[in-house]
2 protein chains.
Amino acid sequence: MNIKTIAQMAGVSVATVSKIMNNYTDVGEDTKQRVLKIMEETGYKPSSSAKTLATKRSNLIGVVFAGELNSDLSHPFFISVLDAFKRQIGVLGYDLLFFSNEKFSQEKEDYWARCRHFQVEGCIIIAGDQVEPSIHMLDRSDIPCIGIDIRLSGDNSAYLMSDNAKISSRVVEHFYMSGYRDIGFLGINRVSEVTTTREVAFKESLEMFGLNMNPDWFVYSDDFEEESGYRAMKAMIARGQLPKALFAVTDLLAFGALRAIREHGLRIPDDIALIGCDDLLACQYTDPALTSVKQDKEKMGKLAAMMLYDMINKQMDPKSVIIEAELVVRQSCGAKSI
Amino acid sequence: MNIKTIAQMAGVSVATVSKIMNNYTDVGEDTKQRVLKIMEETGYKPSSSAKTLATKRSNLIGVVFAGELNSDLSHPFFISVLDAFKRQIGVLGYDLLFFSNEKFSQEKEDYWARCRHFQVEGCIIIAGDQVEPSIHMLDRSDIPCIGIDIRLSGDNSAYLMSDNAKISSRVVEHFYMSGYRDIGFLGINRVSEVTTTREVAFKESLEMFGLNMNPDWFVYSDDFEEESGYRAMKAMIARGQLPKALFAVTDLLAFGALRAIREHGLRIPDDIALIGCDDLLACQYTDPALTSVKQDKEKMGKLAAMMLYDMINKQMDPKSVIIEAELVVRQSCGAKSI
DNA sequence: TGAAGTTACGAAAGCGGTTTCGTTTGCGTT
DNA sequence: AACGCAAACGAAACCGCTTTCGTAACTTCA
């Protein structure tokens with residue numbers, strides 16, 4: 001069942017059928033209706049590959065996760081962003097192509113090659129931990145790219161990122177206002193734009209508030225797993241010196257820390273106050289409920305879709321955007337209440 | 001940069017280049033190396049649409065979420081399964097095409113039409129709550145489909161499902177062995193294979209153990225959100241009559257119930273024991289940690305990929321599989337310990 | 001040495017659409 | 001009656017790759 005069949009059934013040429021599908025104006029109303037009716041009855045759908053081949057447009061957006069550790073889909077934050085992105089880009093007429101993570105993929109081609117292979121019209125690149133070199137090739141290519149939490153720099157790229165510096169300063173400020181002076185940090189041993197920014201800003205904020213940085217209160221996890229956060233916190237506890245408040249760069253790490261603290265017989269927030277970051281759903285269910293910084297994932301995803309659409313279809317100059325984040329106060333940080 | 005360019009550069013015909021890419025044997029070793037070198041240097045990648053057009057094979061698997069409520073990606077259980085699926089299917093040489101949910105999509109075509117449009121070679125269908133009619137068209141089509149938690153029946157379909165009946169009986173048995181006799185149920189008001197099976201099996205198990213079914217202890221949520229579980233539990237509490245133990249068909253509902261119970265000033269498990277289902281990550285972080293039934297998502301996803309692959313490539317008769325689930329005992333159910 | 005069989009390669013016809021450009025037809029105008 | 005013009009449609013080239021089949025050159029073997 002192809003365009004030729006339809007054309008024959010309707011007694012017209014394939015050209016005419018094609019024109020009808022593409023809203024050309026030089027086709028009579030009656031033939032148009034006749035052909036449409038036949039297409040309807042036969043349930044005809046044009047082949048996307050033939051169309052793509054002819055038009056060089058695929059109506060496909062590539063989804064790339066730039067991470068080494070977690071296999072993409074397991075990251076709750078990005079899933080939420082992607083979910084919103086997917087809905088919006090769907091409305092705009094695109095479908096999503098998920099590339100298998102490179103290290104799992106059969107062929108070792110870089111992402112750029114795969115984008116060309118599928119002729120995706122644009123890409124959304126979502127940052128995990130470390131960024132592979134092949135991401136940069138894609139970034140610098142002529143394919144429009146939109147980055148989430150990754151600072152793309154290519155001419156056809158833009159990115160969306162939370163105001164990570166402000167996140168940290170807000171956390172420190174909140175601790176300070178709540179009367180805390182001994183504030184610790186649970187970070188991660190990975191080079192990542194996001195976490196690095198948070199850490200730097202955290203230290204700067206401490207300084208701004210005239211607080212001292214006790215090295216004993218800084219501890220680093222090896223990856224983003226809860227278990228690693230647990231181990232890192234255990235390590236800090238083992239040192240003997242504990243802060244009165246702790247900021248974990250990621251909720252998952254905070255969960256781990258929470259477990260370690262509780263296991264150690266300490267109470268939250270009485271003995272040690274805790275704030276995480278990302279505002280995962282699970283923050284509401286921990287004991288005590290975890291104060292966290294909420295990034296507007298819905299907004300990020302939707303905005304990313306619209307930006308990418310504009311970049312693809314209107315050759316708009318890509319303009320990156322910083323998204324404000326919001327502190328969601330719960331019981332873990334010793335504030336009076338919400 | 002297409003196959004013709006490569007052919008010209010190497011001084012051979014396009015046929016030869018194509019043969020080299022497809023491992024034909026009737027091409028000399030020296031020419032082969034020469035052409036490969038040129039392809040390497042130029043970074044040439046063949047166009048997938050042209051290839052698909054010519055071969056009728058797209059190397060694409062369609063991903064369909066059959067649900068009305070949650071927008072697909074927000075469902076933690078399915079994400080985990082899909083994650084495993086994606087890794088395995090990636091190894092087998094396929095990429096994933098995510099269809100926008102119908103109700104969000106611009107075009108109102110059914111999934112089957114879209115599958116044909118992209119010539120996906122197979123589909124993974126993941127059940128949300130209600131199943132749209134167009135899913136059944138896809139199921140009955142000639143496209144190989146593998147269902148997760150959805151009982152597909154087409155000739156080219158198979159499905160993977162946890163042993164939901166056993167899940168319920170195991171929960172009841174566990175409660176019974178722990179000394180509980182007044183057992184309640186938190187279900188959902190949606191027609192869904194999975195939850196319905198759990199509910200039916202739950203009731204049967206009660207009977208088997210000679211326990212009475214107090215209607216007051218049965219309550220139903222409107223959807224799968226935590227908030228709805230909270231409201232449902234509130235409703236049960238409002239009735240005054242409370243069971244000593246409660247099985248929630250879904251962890252998210254259990255979380256909601258947990259919140260309602262705690263808010264009401266009751267203790268878990270002392271006043272009421274609680275078991276959920278799915279073993280979401282967050283189960284470990286609730287207070288108390290939630291006992292749940294763990295479905296082996298990794299195994300399900302991987303198996304689904306391999307089954308689908310076989311169905312596509314070996315015309316194997318689809319054979320559905322039931323996966324055993326495992327009770328993960330934590331603090332919420334009043335058992336002696338883990 | 002000649003017949004038969006290998007090996008290495010290319011010509012060309014698809015695959016299912018799109019798009020340019022030309023042709024036919026009908027109509028109003030002078 | 002002759003002309004110009006717009007509307008409606010089709011022929012055919014093209015997109016980039018696959019695959020069949022034919023053929024030339026080279027072996028092998030009786």
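The shown structure was predicted, so the numbers you read here are calculated from the model rather than taken from an experiment. Letters A, B, ... are given to chains in the order of the sequence lines, protein chains preceding strands, and every chain is numbered from 1.
Between the side chains of A:Gln119 and A:Thr52, no donor N or O sits under 3.5 Å from an acceptor N or O.
For C:dC9, one of the phosphate oxygens OP1 or OP2 lies less than 4.0 angstrom from a side-chain nitrogen or oxygen of B:Thr31. Within the structure, a side-chain polar atom (N or O) of B:Ser18 is placed less than 4.0 Å from OP1 or OP2 of D:dT18.
Rounded to whole angstrom, the span from the CG atom of B:Asp30 across to the C1' atom of C:dA8 amounts to 10 Å. Taking atom CE of B:Met21 as the reference point, atom P of D:dT19 lies 11 Å away to the nearest angstrom. In this structure, CD of B:Gln119 is placed 9 Å from C1' of C:dG16, rounded to the nearest angstrom. What separates NZ of A:Lys45 from C1' of C:dG17 is a distance of 15 Å, to the nearest Å. In this structure, B:Glu29 atom CD and C:dA8 atom P are separated by 9 Å, rounded to whole Å. The separation between B:Tyr24 atom OH and D:dT18 atom C1' is 6 Å, rounded to whole Å. The nearest whole Å value for the distance from the CG atom in A:Asn2 to the C1' atom in C:dG14 is 12 Å. Note: CD1 (B:Ile20) to C1' (D:dT19) measures 15 Å, nearest angstrom.
Ion pairing of B:Glu41 with B:Lys37 is present here, as a side-chain N (NZ or NE/NH1/NH2) and a carboxylate O approach within less than 4.0 Å. Between A:Arg34 and A:Glu29 no salt bridge is recorded (no basic side-chain N to carboxylate O distance below 4.0 Å).
Axis angle between the ends of the helix from C:dT1-D:dA30 to C:dT30-D:dA1, five pairs each and rounded to 10 degrees, works out to 50°.
A donor-acceptor pair under 3.5 Å is absent between the side-chain atoms of A:Thr5 and the main chain of A:Met1, judged by distance alone. Put simply, the side chain of B:Ser141 gets close to the backbone of B:Leu138: a donor and an acceptor are under 3.5 Å apart. One N or O on the side chain of A:Thr42 and one on the backbone of A:Ile38 form a donor-acceptor pair closer than 3.5 Å. With A:Asp95 contributing its side chain and A:Leu60 its backbone, the two residues share no donor-acceptor pair below 3.5 Å. No side-chain donor-acceptor contact under 3.5 Å links A:Asp83 to the backbone of A:Ile79.
The stretch residues 34-44 of chain A does not touch DNA chain D, since none of its heavy atoms comes less than 4.0 Å from the strand. Listed by residue number, A:Leu53, A:Ala54, A:Lys56 are the residues of residues 51-62 of chain A with a heavy-atom contact under 4.0 Å to DNA chain D.
Residues meeting the side chain to side chain contact (heavy atoms under 4.5 Å, CB included) test with A:Arg140, sequence neighbours left out: A:His136. A search for salt bridge (Lys or Arg N to Asp or Glu O under 4.0 Å) contacts involving A:Asp26 returns A:Lys19, not counting sequence neighbours.
Scanning both residues, A:Ala127 and A:Ile150, for their nearest heavy atoms gives CB-CB, 3.6 Å.
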Protein-nucleic acid N or O pairs under 3.5 Å, nucleotides 10-12 of chain D:
residue : atom : partner : partner atom : Å
D:dG10  : OP2  : A:Ser13 : N            : 2.8
D:dG10  : OP2  : A:Ser13 : OG           : 3.1
D:dG10  : OP2  : A:Thr16 : OG1          : 2.6
D:dG10  : O6   : A:Lys19 : NZ           : 2.4

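Applying the 6.0 Å contact sphere to CG of A:Asp155 captures no more than 12 heavy atoms from other residues, nucleotides or ligands.
In this pair, B:Phe98 and B:Phe65 present their aromatic rings tilted. The plane angle is within the 30 to 60° band. Between A:Phe99 and A:Tyr111, the two ring planes are tilted [angle within 30° to 60°].
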